[in-house]
Amino acid sequence: NLSFELWLILHKKDFRCSLCHCHQYLDCMNSVFNQNFASLKEFKEEKNFKQTVLSKLNFEDVLAAIARAESIEKENRKNAQSQRLYKYDYFKDNPSLSIHSVIRNILKDCGLV
């Protein structure tokens with residue numbers, strides 16, 4: 001999922017660059033999480049992912065990622081044309097993602113936001 005890497009980065013910083021392939025996120029992910037992995041596969045290995053990403057995130061980071069993703073979505077709705085594949089709307093131009101909507105709804109259902 002091309003947007004998963006973007007979702008991770010948004011926990012720590014704004015990111016609005018257009019990329020053609022998910023491996024292009026690696027440099028930014030290494031920078032944001034203070035790592036030096038050679039590949040996304042290595043970055044996402046369970047042990048590395050838990051130590052590198054999950055251990056460095058807190059609830060405020062999740063809220064910040066949601067806000068940053070909503071900002072990207074708002075800008076896309078204003079400036080880009082949405083497309084539909086099956087029941088999913090998306091923007092062909094990236095960055096684009098929708099995982100924040102699901103996370104926001106989960107937090108809302110739990111009474112956390």
Side-chain angles (χ1 to χ4, degrees):
N1 183 336
L2 183 64
S3 298
F4 185 69
E5 288 77 18
L6 173 60
W7 171 243
L8 294 176
I9 292 167
L10 292 178
H11 284 75
K12 296 294 185 181
K13 70 180 261 180
D14 282 314
F15 191 89
R16 294 178 184 248
C17 297
S18 181
L19 303 175
C20 296
H21 193 276
C22 59
H23 75 270
Q24 293 176 301
Y25 283 104
L26 181 61
D27 287 341
C28 188
M29 290 174 61
N30 275 331
S31 173
V32 165
F33 292 103
N34 299 314
Q35 298 299 314
N36 194 27
F37 291 115
S39 69
L40 285 179
K41 181 179 180 182
E42 181 184 6
F43 194 98
K44 292 179 180 180
E45 287 177 10
E46 183 178 357
K47 179 183 175 190
N48 293 339
F49 189 76
K50 286 179 178 178
Q51 291 175 351
T52 302
V53 178
L54 296 182
S55 68
K56 295 180 180 180
L57 297 179
N58 59 43
F59 188 67
E60 288 75 26
D61 293 328
V62 175
L63 296 178
I66 292 170
R68 290 177 177 124
E70 287 174 343
S71 177
I72 290 171
E73 182 179 47
K74 182 179 178 181
E75 187 173 314
N76 281 343
R77 290 202 185 283
K78 181 180 174 184
N79 299 317
Q81 187 173 30
S82 106
Q83 298 187 2
R84 188 169 193 78
L85 180 62
Y86 303 107
K87 62 179 182 174
Y88 299 100
D89 291 323
Y90 70 99
F91 295 93
K92 186 175 180 179
D93 298 326
N94 67 57
S96 177
L97 70 164
S98 60
I99 191 170
H100 63 285
S101 298
V102 174
I103 302 300
R104 182 182 354 96
N105 289 338
I106 291 169
L107 296 177
K108 195 182 271 187
D109 287 348
C110 294
L112 296 173
V113 294

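Position 1 is the first residue of the sequence; numbering continues from there. All of these numbers come straight from a predicted model, not from anything done at the bench.
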- Are Ile9 and Phe33 side-chain neighbours, meaning at least one heavy-atom pair lies under 4.5 Å?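 When only atoms from C-beta onward are counted, Phe33 and Ile9 do not touch, as no gap falls below 4.5 Å.
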Kindly say whether [Y] contributes a backbone atom to a donor-acceptor pair with the side chain of [X] at under 3.5 angstrom?
{"X": "Lys56", "Y": "Val32", "result": "no"}
{"X": "Asn48", "Y": "Lys44", "result": "no"}
{"X": "Ser31", "Y": "Asp27", "result": "no"}
{"X": "Gln24", "Y": "His21", "result": "yes"}

- So, are Arg77 and Glu73 salt-bridged, with charged N and O less than 4.0 Å apart?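 A salt bridge is present here (some side-chain N lies under 4.0 Å from a carboxylate O).
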- Query: So, are Glu70 and Lys74 salt-bridged, with charged N and O less than 4.0 Å apart?
  - Reply: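 Salt bridge flag = no for Lys74 with Glu70.
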- Using the ring pair (Phe, Tyr, Trp, His ring centres under 6.0 Å) rule, collect all pairs that involve residues 41-73, keeping only residues at least two apart or in two chains.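 Found Phe37-Phe43.
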- Message: Can you confirm whether or not the ring centre of Tyr25 sits under 6.0 Å from the ring centre of Phe15?
- Response: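 Ring centres of Phe15 and Tyr25 closer than 6.0 Å.
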- So which heavy atom on Lys12 is nearest to which on Leu57, and how close?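 Closest approach of Lys12 to Leu57, heavy atoms only: CE-CD2, 3.8 Å.
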- Closest heavy-atom pair and its distance - Leu40, Cys22: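 Result for this residue pair: CD1-O, 3.3 Å.
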- Message: Using the side-chain hydrogen bond (donor to acceptor under 3.5 Å, both in side chains) criterion, which residues pair with Asn30? Sequence neighbours excluded.
- Response: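 side-chain hydrogen bond (donor to acceptor under 3.5 Å, both in side chains) check on Asn30 returns nothing, list empty.
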